[in-house]
Amino acid sequence: MPPTLASLVQHSALKLTVRAGEDQLDRPVRWAHVSELADPVPYMEGGELLLITAMTLDAEDPDTMRRYVRRLAKAGVVGLGFAVGVNYDSVPDALLAAARDEGFPLLEVPRRTPFLAISKAVSAAISADQYRAVTAGFEAQRELTRAALSEGPADLIARLAAHVDGWAALYDASGAVVAAAPEWAARRAARLTADVARLRERATPSSAVVGGADEASGDRVELQWLGTGRRMRGALAVGTGAPLGTAERYAVHSAVALLTLTTERSRALQAAEQRLGAAILRMLLSSQQDHARAVAGDLYGGLLDAPFRLVIAEVAGEGDGGLAVLAETMESAASRAGEAVLAVPEAGRLVVLAADGGEAVAACLAHECAEGEELVIGLSAPAGPIAAASAYKQAEQALSVARRRGKPLVEHEDLVAGSVLPLLADDAVRAFADGMLRALYEHDATGRGDLVASLRAWLSRHGQWDAAAADLGVHRHTLRYRIRRVEEILGRSLDDPDVRMELWLALKATSAPDG
């Protein structure tokens, strides 16, 4: 601790006597300063013990002393040391009364105690406190380093919380809480995810004080950016009841450095895993399942032993920040659940294999893009290694539909379970339909028959003449004549099932709603 007025009073060599402000002696002393100015306040910074002999002061005038003491107290001066036996044989009554009225600490300094001795005592105590802080900081650094190397980030967070006499939490790049200590701090840390997100949006490494004293928890929280590049790789939160001291600050800085080093090392391992994952994916897509299993080993082997989902995501426009965040979100969710996930970044794309029904897929389904990002995702049906190529096509098809419909995510299972008719809203399909039916519409426009309606009724009744004629309210011979005209105009036979299918889809496409 820094020196206080009480510790100076207890210093046996100084022989100081408390004359006023007895209940304020726990104030820390930042420095001891000698000044005989009538108004030394402009030269004070706060926290000083002011030493005077009243050489230029009218220390016996009550009004002068009241103004003098009041200004010192307002300026943050922690106490006044008055030397007796120099200009005054005892502390003047006016000064004593002013100090007592203000509750301001007043120490009587005996003639045999030079001001220099008091200054040296304060300086020595401050130096000793700083030395203790630096020593404690280095000890914390050694302890945190041992924890990081032997136990990992969770143990480092626990030891850091003990060093700062508060709590600490580690977040991953997505803002999820990875570790927190003590246990109750996990709920407190979870309330800061929005603040972590704002820190992540900054362009360069930075830190932030979330609150001076949180109304709900009564703590002060500092957030620290983890990572060396322009993209945050994680964050550290430290909550304490007061601003960090020197020793605590050393501990936090050491934790930031160690966690950043761990994060950067993880990035290098992640890059190697991505290269391995890309090779495994290529083998799966080329039907080399046995080779893929052999290469996957323990790292990805479990992923190939159960149904997986294949995800393909892309970002419209420039940049791939949205893809990186999606990958981090899915990988973090998988890590927390103990799942394997294979993520392969491609040019403007991200391909992910994740366990069906697992936390990574759930995180993908719940993912929300940041403002300004245009992320589209296609998700395959559950598949195994032997059907990886089909799953890839399914994900691409779902991605294409998501892109065309302007939706952030489409699952292939939804396309299969739903109707094919929404797919006919594609511009290319409509262009085909318009071209195929144009001659019939032009014929009908002359008023020489209703060939389009007749064709639709006949196809809908599967070629049953009587039923279709009844729907139209015409004789079946009239319908037969119209269908022959359709064949003549189109130059195609309706006996061909492919022709009937194409005409039916063309009729549906011309009436299909958008999206």
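Both backbone and side-chain heavy atoms feed into the values below; hydrogens, waters and symmetry mates do not. The residues of the chain are indexed from 1 along the displayed sequence.
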Report, one line per pair, each donor and acceptor closer than 3.5 Å where one atom sits in a side chain of residues 382-393; sequence neighbours left out.
none

Output side-chain donor-acceptor pairs under 3.5 Å for residues 303-310, partner residues at least two apart or in another chain, one line each.
from   : atom 1 : to     : atom 2 : distance (Å)
Asp305 : OD1    : Arg293 : NH1    : 2.7
Arg309 : NE     : Ser380 : O      : 2.6
Arg309 : NH1    : Asp356 : OD1    : 3.1
Arg309 : NH2    : Ser380 : O      : 3.3
Arg309 : NH2    : Glu411 : OE1    : 2.6

Next item on the list: Begin from the C-alpha positions of Leu503 and Arg492 and carry the test side chain to side chain contact (heavy atoms under 4.5 Å, CB included) through to its verdict.
Entry: CA-CA 11 Å; Leu503 286 171; Arg492 306 183 73 175; over 6 Å; no

Notebook entry, point to check: Can you list the steps and then say if Val238 with Leu160 is a side chain to side chain contact (heavy atoms under 4.5 Å, CB included)?
Noted result: CA-CA 9 Å; Val238 177; Leu160 176 63; 4.1 Å; yes

Next item on the list: Could you walk me through whether Leu226 and Val256 pass side chain to side chain contact (heavy atoms under 4.5 Å, CB included), step by step?
Entry: CA-CA 7 Å; Leu226 300 179; Val256 169; 4.1 Å; yes

Next item on the list: Apply side chain to side chain contact (heavy atoms under 4.5 Å, CB included) to Val352 and Val361, showing your working.
Entry: CA-CA 10 Å; Val352 182; Val361 172; over 6 Å; no

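Tyr171 contributes no side-chain N or O that, together with a main-chain N or O of Ala237, makes up a donor-acceptor pair within less than 3.5 Å. A distance-only check finds no donor-acceptor pair linking the side chain of Gln224 to the backbone of Leu236 [under 3.5 Å]. Distance alone, capped at 3.5 Å, places no donor-acceptor pair between the Asp219 side chain and the Gly166 backbone. Side-chain atoms of Ser332 do not come within 3.5 Å of backbone N or O of Thr329 as any donor-acceptor pair. Between the Arg30 side chain and the Gly46 main chain, a donor and an acceptor come within less than 3.5 Å of each other. Counting only distance, with no hydrogens or angles, the side chain of Glu487 and the backbone of Leu494 share a donor-acceptor pair below 3.5 Å.
Nearest approach of Ala360 to Ala334, heavy atoms of both residues: CB-CB, 4.1 Å. Of all heavy-atom pairs between Asp495 and Arg500, the closest is O-NH1, 3.2 Å. Leu451 and Asp444 get closest at one heavy-atom pair: N-OD1, 2.8 Å. Contact detail for Glu339 and Glu359: the closest heavy-atom pair is OE2-N, 2.6 Å. Contact between Leu479 and Ala469 at its shortest, heavy atoms only, is CD2-N, 3.6 Å. When every heavy atom of Leu350 is checked against every heavy atom of Leu323, the shortest pair comes out as CD2-O, 3.7 Å.
Taken from CG in Leu156 to CG in Leu259, the straight-line distance is 5.0 Å, to the nearest 0.5 Å. The CG atom of Leu440 sits 4.5 Å away from atom CG of Leu490, with the distance rounded to the nearest 0.5 Å. Separation of atoms CG (Leu409) and CG (Leu399) is listed at 9.5 Å; rounding is to 0.5 Å. Atom CZ in Arg461 sits 10.0 Å away from atom CG in Leu472 (nearest 0.5 Å). We find the CZ-NE2 distance between Arg480 and His475 to be 10.5 Å, quoted to the nearest 0.5 Å. Interatomic distance, CD1 of Ile312 versus CD of Gln394, reported as 10.5 Å (0.5 Å rounding).
Legend: residues meeting salt bridge (charged side-chain N to carboxylate O under 4.0 Å, His left out) with Arg249, ordered by chain and number and at least two apart, are Glu222.
Considering only heavy atoms from C-beta on, Asp172 stays 4.5 Å or farther from Glu331 through its side chain. Side-chain contact between Trp458 and Gln464: absent, with no pair of heavy atoms (C-beta onward) separated by less than 4.5 Å. Val452 has its side chain within reach of Leu507: a pair of non-hydrogen atoms, C-beta onward, lies under 4.5 Å apart. The shortest side-chain heavy-atom distance between Leu365 and Leu379 falls under the 4.5 Å cut-off.
Using a cutoff of 4.0 Å between basic side-chain nitrogens and carboxylate oxygens, Arg485 and Glu488 are scored as salt-bridged.
Trp167 and Trp184 have perpendicular rings, their planes meeting at more than 60° on a 0 to 90° scale where under 30° would count as parallel.
Environment of NE2 in His443: crowded, with over 12 heavy atoms of neighbouring residues, nucleotides or ligands closer than 6.0 Å. Applying the 6.0 Å contact sphere to OH of Tyr481 captures no more than 12 heavy atoms from other residues, nucleotides or ligands.
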